[in-house]
Amino acid sequence: MDMQTSFLDRLFDAGLLIDTGVDGLYGRSGRFEDVIVAFERLIDRFGGADGAEAMRFPPGMNRAFFEKSGYMKSFPQLAGTVHSFCGNELDHMSLLKCMEVGEEDWTKDQKATDIVLTPAACYPLYPTVAKRGPVPAKGALYDLQSYCFRHEPSQDPARQQLFRMREYVCMGTETHVTDFRQSWMDRGVAMMKEVGLEVAIDVANDPFFGRAGKMLANNQRDQNLKFELLIPITSVAKPTACMSFNYHQDAFGTKWGLAMEDGSVAHTACVGFGLERIALALFHTHGLDVADWPESVRKTLWG
Ligand code: 5GP
Ligand code: ZN
């Protein structure tokens with residue numbers, strides 16, 4: 001049995017994650033959630049004084065905004081769309097028949113709704129802010145949290161299909177947003193140290209699709225546009241990205257028409273915390289029973 005499956009089985013056996021029969025789709029116990037709530041309080045302690053505007057979107061977003069984002073160009077393999085039955089009574093009868101016989105795919109006549117599953121917590125933000133008018137000269141800061149969907153079934157508990165991402169998003173001048181990103185890289189390292197986690201920060205790239213995607217990924221790396229904070233969970237050789245620090249230059253500003261008060265295009269950056277991954281890193285490092293965690297870690301999380 002490999003390390004990923006055995007850690008997943010241990011999490012099931014301890015009742016921390018709940019098997020649903022689908023790889024990467026898990027229930028979480030109260031004890032697991034308690035760790036996430038406590039870690040989010042730690043995030044608030046580090047970021048709270050910055051005065052970010054909090055917004056919470058549901059885990060589905062407007063399909064039109066999703067289409068405009070270009071997600072299907074870059075990551076078609078990860079996207080999840082919401083389809084529904086939109087037929088009449090006759091259609092309903094043939095649907096039930098199809099399900100009963102089971103030889104045909106009953107979902108083939110389902111129609112796309114106006115909703116797609118949110119791929120990253122910051123996606124619904126850009127069109128929302130663009131509608132408000134110019135970004136103030138002093139910049140703008142947002143605090144987001146959302147369940148996100150990525151279609152990548154796996155038995156690695158650190159790779160889930162529906163997981164929560166907490167994000168801070170900054171909009172402003174190049175200097176403003178790159179300073180924001182650097183300060184969260186420093187804070188990320190400090191936070192993880194406080195909870196006893198060994199981390200490394202490294203340059204990274206998004207999983208762009210196909211051959212053209214290779215070039216996008218290389219370009220992202222060459223320009224240091226993405227960094228990740230890595231913590232060993234199911235592999236020491238390949239530690240898991242538990243935070244990411246992304247500088248979009250003026251790409252999102254241009255796409256969404258985010259202008260500064262002086263008319264220049266806003267630059268943007270986002271910092272994401274993978275909440276389940278951080279909880280898993282804590283359980284992996286300190287043990288599956290929170291009562292056995294080092295006193296200093298318990299104090300940081302629960303006071
Ligand atoms: P990114 O947008 O950089 O790919 O993801 C932001 C953060 O979300 C990552 O640093 C990571 O912590 C978390 N994340 C990304 N993919 C997954 C996943 O498949 N499962 C889980 N649990 N977290 C993920
Ligand atoms: Zn983001």
Side-chain angles (χ1 to χ4, degrees), residues 4 7-8 11 16-17 22-26 28 32 35-36 39-40 43 52 55 57 59 61 69 71 74-75 77-80 117-129 141-171 177 180-181 184-185 188 191-192 197 199-209 217 220-221 225-234 239-248 251-252 255-256 267-284:
Q4 297 172 349
F7 188 43
L8 182 62
L11 291 160
L16 288 164
L17 292 186
V22 176
D23 288 342
L25 182 75
Y26 308 120
R28 299 77 158 81
F32 191 93
V35 171
I36 291 198
F39 194 85
E40 283 212 84
I43 299 175
M55 287 189 213
F57 291 96
M61 67 176 286
S69 77
Y71 197 83
S74 297
F75 314 108
Q77 78 283 19
L78 300 179
L117 297 175
T118 305
C122 63
Y123 270 63
L125 178 73
Y126 306 104
T128 304
V129 173
L141 189 63
Y142 303 93
D143 163 350
L144 307 167
Q145 200 253 49
S146 177
Y147 258 102
C148 299
F149 174 84
R150 294 183 187 175
H151 183 234
E152 40 186 0
S154 161
Q155 291 190 347
D156 178 355
R159 183 165 301 290
Q160 302 190 8
Q161 299 200 62
L162 272 160
F163 58 93
R164 274 160 294 178
M165 204 187 283
R166 175 81 181 266
E167 279 200 54
Y168 283 103
V169 180
C170 183
M171 303 180 183
V177 309
F180 154 85
R181 183 172 74 149
W184 272 108
M185 284 201 243
M191 288 171 80
M192 299 305 177
L197 295 175
V199 309
I201 288 198
D202 203 359
V203 68
N205 62 268
D206 288 312
F208 295 105
F209 185 75
Q220 196 180 27
R221 275 179 178 269
L225 298 181
K226 186 178 189 82
F227 288 95
E228 287 175 338
L229 181 149
L230 307 164
I231 309 178
I233 302 182
T234 46
T240 301
C242 293
M243 287 185 72
S244 72
F245 312 88
N246 308 287
Y247 174 38
H248 317 123
F252 287 6
K255 178 171 296 293
W256 295 107
H267 284 234
T268 63
C270 69
V271 169
F273 294 84
L275 296 176
E276 283 76 12
R277 283 186 175 179
I278 292 169
L280 290 170
L282 286 164
F283 282 114
H284 181 259

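One-based numbering, in listed order, for ligands and for the atoms of each. Atoms considered below: every heavy atom in the structure, side chains included; atoms not considered: hydrogens, waters and symmetry mates.
When side chains are defined from C-beta on, Leu141 counts as touching Cys170, because their heavy atoms get closer than 4.5 Å. With a 4.5 Å cut-off on side-chain heavy atoms, Asp206 and Ser74 do not count as touching. In this structure the side chain of Tyr142 reaches within 4.5 angstrom of the side chain of Met171, judged on heavy atoms. Taking 4.5 Å as the limit, some side-chain heavy atom of Met185 sits within range of a side-chain heavy atom of Phe227. Using a 4.5 Å cut-off on side-chain heavy atoms (C-beta onward), Leu8 and Asp23 make no contact. At a threshold of 4.5 Å between non-hydrogen side-chain atoms, the residues Met243 and Val199 do not count as touching. Side-chain atoms of Met191 and Ile43, non-hydrogen and from C-beta on, do get closer than 4.5 Å to each other.
Residue-level proximity to ligand 1 for Ala120 is absent, since no heavy atom of it falls below 4.0 angstrom. The proximity of Met165 to ligand 1, defined as any non-hydrogen pair under 4.0 Å, is limited to the side chain.
Of the N or O atoms in Cys242, one or more lie within a sub-3.5 Å distance of an N or O in ligand 1. Not a single N or O atom of Glu228, backbone or side chain, sits closer than 3.5 Å to an N or O atom of ligand 1. Residue contacts with ligand 1: Ser244 is placed with a nitrogen or oxygen under 3.5 Å of a nitrogen or oxygen of the ligand (distance criterion only). Among the atoms of Lys226, some N or O lies under 3.5 angstrom from an N or O of ligand 1.
With hydrogens left out, the protein atom closest to atom 11 (C) of ligand 1 is Ala241 O, 3.3 Å, a heavy atom. Nearest non-hydrogen protein atom to atom 13 (C) of ligand 1 is Gly274 CA, 3.7 Å. Ranking the protein heavy atoms by distance from atom 14 (N) of ligand 1 puts Phe163 CE1, 3.4 Å first. Atom 19 (O) of ligand 1 has Gln160 O, 3.2 Å as its closest protein atom, hydrogens excluded (heavy atom only). Of the protein's non-hydrogen atoms, the one nearest atom 18 (C) of ligand 1 is Arg277 NH2, 3.4 Å. Protein heavy atom at the shortest distance from atom 10 (O) of ligand 1 is Met243 C, 3.4 Å.
Within ligand 1, counting atoms from 1 as listed, the ones closer than 4.0 Å to a heavy atom of Ala158 are 18 (C), 20 (N), 21 (C), 22 (N). Close contacts of ligand 1 with Glu152, meaning ligand atoms under 4.0 Å from a residue heavy atom, involve 19 (O). Atoms of ligand 1 found under 4.0 Å from any heavy atom of Arg150, numbered from 1 in the order shown, are 1 (P), 2 (O), 4 (O), 5 (O), 15 (C), 16 (N).
Of the possible donor and acceptor atoms, none in the side chain of Gln145 sits under 3.5 Å from a partner among the backbone N and O of Glu40. Tyr26 contributes a side-chain N or O that, together with a main-chain N or O of Gly24, makes up a donor-acceptor pair within less than 3.5 Å.
When OE1 of Glu167 and SG of Cys122 are joined through the Zn ion (ligand 2), the resulting angle is 100° to the nearest 10°.
The local environment of OH in Tyr147 is crowded, with over 12 non-hydrogen atoms from other residues, nucleotides or ligands closer than 6.0 Å.
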